[in-house]
Amino acid sequence: MITLTVNGAEHKLDVDIRTTILDALRDHLGLTGSKKGCDHGQCGACTVLINGRRVNSCLTLAVMHEGDEITTIEGLGEPGNLHPMQESFLHHDGYQCGYCTPGQIVSAVGMLGEVKDGWPSHVTGDIAHGGADLSNEEISERMSGNLCRCSAYPNIVDAIRQVGTTGKGAV
């Protein structure tokens, strides 16, 4: 028996020790926003935040995260009270089929937290003078672990930049 804190609520689960966070969320808690895309950590459709950091939930075991705070797309906002990133994706049409959208949104929120905390990416310029700007190159590099089969990337980048410039998007 393990206890997971998901979207602010504690859940006691009797799961096999080989159960991933993704399978615990989808199969045991009914939280189906995080998608099982590749099941190999290559597409980002399963991205969740664990203690505010982006994690591919298909690659990490549930038993490893007892005591951690897990946030899924369902925990970011709800109808009538969307997270700023969710609103921006709607405004900028940052989705097409929508399969990758939950992972994209959660990853974008985590990514803005990394920028806020001063974490550089491979393309970040002079971090001694203000850190990363939210250029197309910077956002694309930081979001490169999240794939979109429909190629909605320009709209996704615009949505992230809008939220990033307001400073209201990080968890």
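In this structure, OG1 in Thr20 is found 11.5 Å from CE in Met64, a value given to the nearest 0.5 Å. With rounding to the nearest 0.5 Å, the separation of CD in Gln86 from CD1 in Ile105 is 5.5 Å. With values rounded to the nearest 0.5 angstrom, Phe89 atom CZ is found 6.5 Å from Thr101 atom OG1.
Apart from Leu22 itself, the hydrophobic cluster it occupies contains nothing, where clustering links Ile, Leu, Val, Met, Phe, Trp and Tyr at side-chain heavy-atom distances under 4.5 Å. Hydrophobic cluster membership for Leu82: Leu90, Tyr95 (Ile, Leu, Val, Met, Phe, Trp, Tyr linked by side-chain heavy atoms under 4.5 Å, directly or transitively).
Remark: side-chain polar atoms of Ser140 are paired, donor with acceptor, to backbone N or O of Asn136 under 3.5 angstrom. Judged by distance alone, the side chain of Asn51 and the main-chain N or O of Asp68 form no donor-acceptor pair under 3.5 Å. Side chain of Asn146 to main chain of Ser107: no donor-acceptor pair is present (N/O by atom type, distance under 3.5 Å, no hydrogens or angles). Side-chain atoms of Ser57 come within 3.5 Å of backbone N or O of Cys46 as a donor-acceptor pair. Formation of a donor-acceptor pair under 3.5 Å by the Glu66 side chain with backbone atoms of Ile2 is not found in this model.
With sequence neighbours excluded, the residues forming a side chain to side chain contact (heavy atoms under 4.5 Å, CB included) with Val123 are Ser121, Glu137, Glu138, Glu141, listed by chain and number. For Asp158, the side chain to side chain contact (heavy atoms under 4.5 Å, CB included) criterion is met by His92, Arg161, not counting sequence neighbours. Partners of Asp117 by side-chain hydrogen bond (donor to acceptor under 3.5 Å, both in side chains), not counting sequence neighbours, listed by chain and number: Arg53.
Heavy atoms only, all atoms of each residue included: Ser88 and Ala159 are closest at OG-O, 2.8 Å. Heavy-atom minimum distance, Asp93 versus Asn155: O-ND2, 3.0 Å. Closest non-hydrogen pair, Arg54 versus Arg142, comes out as NH1-O, 3.0 Å. When all heavy atoms are compared, the tightest approach of Ile139 to Met111 is CG2-CE, 4.3 Å. Among all heavy-atom pairs drawn from Thr71 and Val106, the shortest one is O-CG1, 4.5 Å. For the pair Lys35 and Tyr99, the tightest heavy-atom approach, listed with the atom from each and the gap, is CG-O, 3.3 Å.
Cluster membership check: Val6 shares its hydrophobic cluster with Val55, using side-chain heavy-atom separations under 4.5 Å among Ile, Leu, Val, Met, Phe, Trp and Tyr. Residues Ile50 and Val15 share a single hydrophobic cluster, defined by chaining ILVMFWY side chains whose heavy atoms lie under 4.5 Å apart. Grouping the Ile, Leu, Val, Met, Phe, Trp and Tyr side chains by contacts below 4.5 angstrom, directly or via other members, places Leu49 with Ile160. Follow the hydrophobic side-chain contacts under 4.5 Å out from Ile17 and you reach Leu13 in the same cluster. With hydrophobic clusters built from ILVMFWY side chains whose heavy atoms lie under 4.5 angstrom apart, Val48 does not share a cluster with Leu112.
Between Asn7 and Thr72 there is a side-chain heavy-atom pair separated by less than 4.5 Å.
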- Query: Can His11 and Thr3 be said to form a side chain to side chain contact (heavy atoms under 4.5 Å, CB included), step by step?
  - Reply: CA-CA 5 Å; His11 301 275; Thr3 303; over 6 Å; no

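One side chain, Thr60 or His65, offers a donor N or O that lies under 3.5 Å from an acceptor on the other.
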What side-chain donor-acceptor pairs closer than 3.5 Å can you find for residues 25-33, not counting sequence neighbours?
residue	atom	partner	partner atom	Å
Arg26	NH1	Thr32	O	2.8
Arg26	NH1	Ser34	O	2.8

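Of the listed residues (Asp23, Thr47, Ile21, Asp39), just one forms a side chain to side chain contact (heavy atoms under 4.5 Å, CB included) with Cys58, and that residue is Asp39.
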